Amino acid sequence: MDERAFIQEAKNGDLSAFNRLILAYQDMVYNQAYRLLGIRELAEDATQEAFISAYKKIRTYRGGSFRAWLIRIVSNACYDELRRHKRRPTTPLVPSDEYDEEIESPSWLADPSDTPEEETERSELMEAINYCLQKLSIEFRLAVVLVDFQNMDYSEAAMVSNVPVGTIKSRLARARRGMRQCLQQFWELLPEAFRLNDEASS
Amino acid sequence: MMEEKRISNRDWEKLSAYLDGQLSNKDLAKLKARLNQEPELRKALHEISKTRAAVRSLPLVHAPRNFTLKPEMVGLQTRTPRLYPVFRLASVLASILFIIIVLGDALKPGSPPPIERALPAMAPNQIVGEVQEKSAVKESQPLEIATNMPGMETEVEMPETPVPEEELTFVQEVPLRDAIEESGEIQSSPRLPNQVATEEETGTSGSKFVSGGNGVITQTTEMLTATLTFEDKEEEKAAITSTITETKAPEPTSTPLLESPEEVHEKVVAPLGIREIKIALLLVAFLAGVTAFWLRRRR
């Protein structure tokens, strides 16, 4: 696929050329939306809105990674989708006190609305990971999805998130800590390679 | 918990960046030295590494459907060609006209075949004459050709005259001669019996009346009546032919003979037949419709 040619034709208003780009990137864009939103229906809506927005903004694309440009657009669409549906508020991964110091307590991870039966329903490993991912705040979730799921480097993730590289580094570290603590609830589900306390027990 | 408290946020960031290969050489050397000395830091690195691996194990899912865009989704208006409404209207109008003509043709009681029926308003200058056929007139009786009024055509009275039937299109019985005879004195012109009143004479003089002193109306024979007596067939044919030639329709039609003197038919020979009009309308309706459809599909 001659991506540059299709992009240029799309800039000239050729919708069919842009649709060729959509067919090439729709899986990637949908996965980004799904990992950020966690609900397939919402992810579909965000993906469609993202492509509509991308076509309208195609003239503002100035080169570089077209994939990163699309991920940025779909990430913004996910933000809008979250605001629109006013989903349940996510608990900040690392809450701060009045002195901007982290409150290090594992109790915030416990969800009082969850029953053991509900936890049993999330017995699948992937569901457990997705569950913990959705427990993160959207900024931290975006950082971990961009770096660990989309395999972006820090500078690319910073460009997509529109934040400095240092912020990405900090958010990513905190997100991983939060994921680590969340996944400890499901340690029995985790394969050996992912179990966190094997070294500690040894 | 003690381990976490001993590891600062900055250490967590360095461990995370270390896993991603984002540390500078200087920071990398320092961290490696600390990892050799601090088991808690090694344990933290191990845990965050497995967490990272778990997230990276998430599979890619396929998009549940295609997200390709349609013009209306991005506000692109599909422009209808300007000629589309023109062709559409032409097709509709032609179809309506065709239906009207066909229905009118079918619903008219006792109407002759459409191709032979006259259209009164189409050729006013093609009214060719008035022919009064009287069965009581014998061959020896004179042929009477008269005019009623200026501009009107010649009235021909002829018994068993072999006039082409197609050329006789208007018949009207006008008892003008009897009326004039009853009204009073009529001065006949010294025209010869075999003389036929020409179109110029009848048309230009017409019904010219001269008022006498006692109210007696005098009418010249050139104005009113020309009485002819055909002695032989040859003269009769020549006279009638000369009379009708000027008023002959360009396309003679096969009008059936009048069955009775009282029945009056008005006929004007149409320059274009009904059938041709129907065909033309059908063609216009079909072609305009196809063109409009093509224009709409092409956009």
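Because the structure is predicted, anything quoted here is derived from the model rather than measured. Just so we're on the same page: letters track the sequence lines, and every chain starts at 1.
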Engineer: Just verifying a value: how many Å separate A:Met179 CE and B:Lys50 NZ, rounded to the nearest 0.5 Å?
Structural biologist: 15.5 Å
Engineer: Residues of residues 145-160 of chain A under 4.5 Å from chain B (heavy atom pairs)?
Structural biologist: A:Val147, A:Asp148, A:Phe149, A:Asn151, A:Asp153, A:Tyr154
Engineer: Among the options A:Val29, A:Thr47, A:Leu133, pick out the one with the most heavy-atom pairs lying under 4.5 Å from chain B.
Structural biologist: A:Thr47
Engineer: May I have the list of side-chain donor-acceptor pairs in residues 61-71 of chain B shorter than 3.5 Å, sequence neighbours left out?
Structural biologist:
unit_1, atom_1, unit_2, atom_2, d
B:His62, ND1, A:Asp27, OD2, 3.4
B:Arg65, NE, A:Glu44, OE1, 3.1
B:Arg65, NH1, A:Gln48, OE1, 3.0
B:Asn66, OD1, A:Gln26, NE2, 2.7

Engineer: Count the heavy atoms of every other residue, nucleotide or ligand shown that sit under 6.0 Å from OH of A:Tyr79, and state whether that count exceeds 12.
Structural biologist: yes
Engineer: Are the side chains of A:Arg174 and B:Asn9 in contact, using a 4.5 Å heavy-atom criterion?
Structural biologist: yes
Engineer: Could you state the interatomic distance from CG (B:Leu60) to OH (A:Tyr34), rounded to the nearest 0.5 Å?
Structural biologist: 12.5 Å
Engineer: Where along residues 23-32 of chain B does a heavy atom come under 4.5 Å of chain A, listed by residue number?
Structural biologist: none
Engineer: Using every non-hydrogen atom in the two residues, find where B:Pro59 and A:Asn31 come nearest and quote the distance to one decimal.
Structural biologist: O-OD1, 4.0 Å
Engineer: Given the options A:Ile52, A:Asn130, A:Val165, which has more heavy-atom pairs under 4.5 Å with chain B than any of the others?
Structural biologist: A:Ile52
Engineer: Between the main-chain N or O of B:Thr51 and the side-chain N or O of A:Arg176, is there a donor-acceptor pair closer than 3.5 Å?
Structural biologist: no
Engineer: Using non-hydrogen atoms and a limit below 4.5 Å, what part of residues 60-69 of chain A faces chain B?
Structural biologist: none
Engineer: Atom CE of B:Met73 and atom CZ of A:Phe51: how far apart are they, to the nearest 0.5 Å?
Structural biologist: 10.5 Å
Engineer: Just do the side chain to side chain contact (heavy atoms under 4.5 Å, CB included) check on B:Ser57 and A:Met126 with the steps written out, would you?
Structural biologist: CA-CA 8 Å; B:Ser57 70; A:Met126 298 306 150; 3.9 Å; yes
Engineer: How long is the gap from CD1 on A:Ile168 to CD on B:Glu13, to the nearest 0.5 Å?
Structural biologist: 11.5 Å
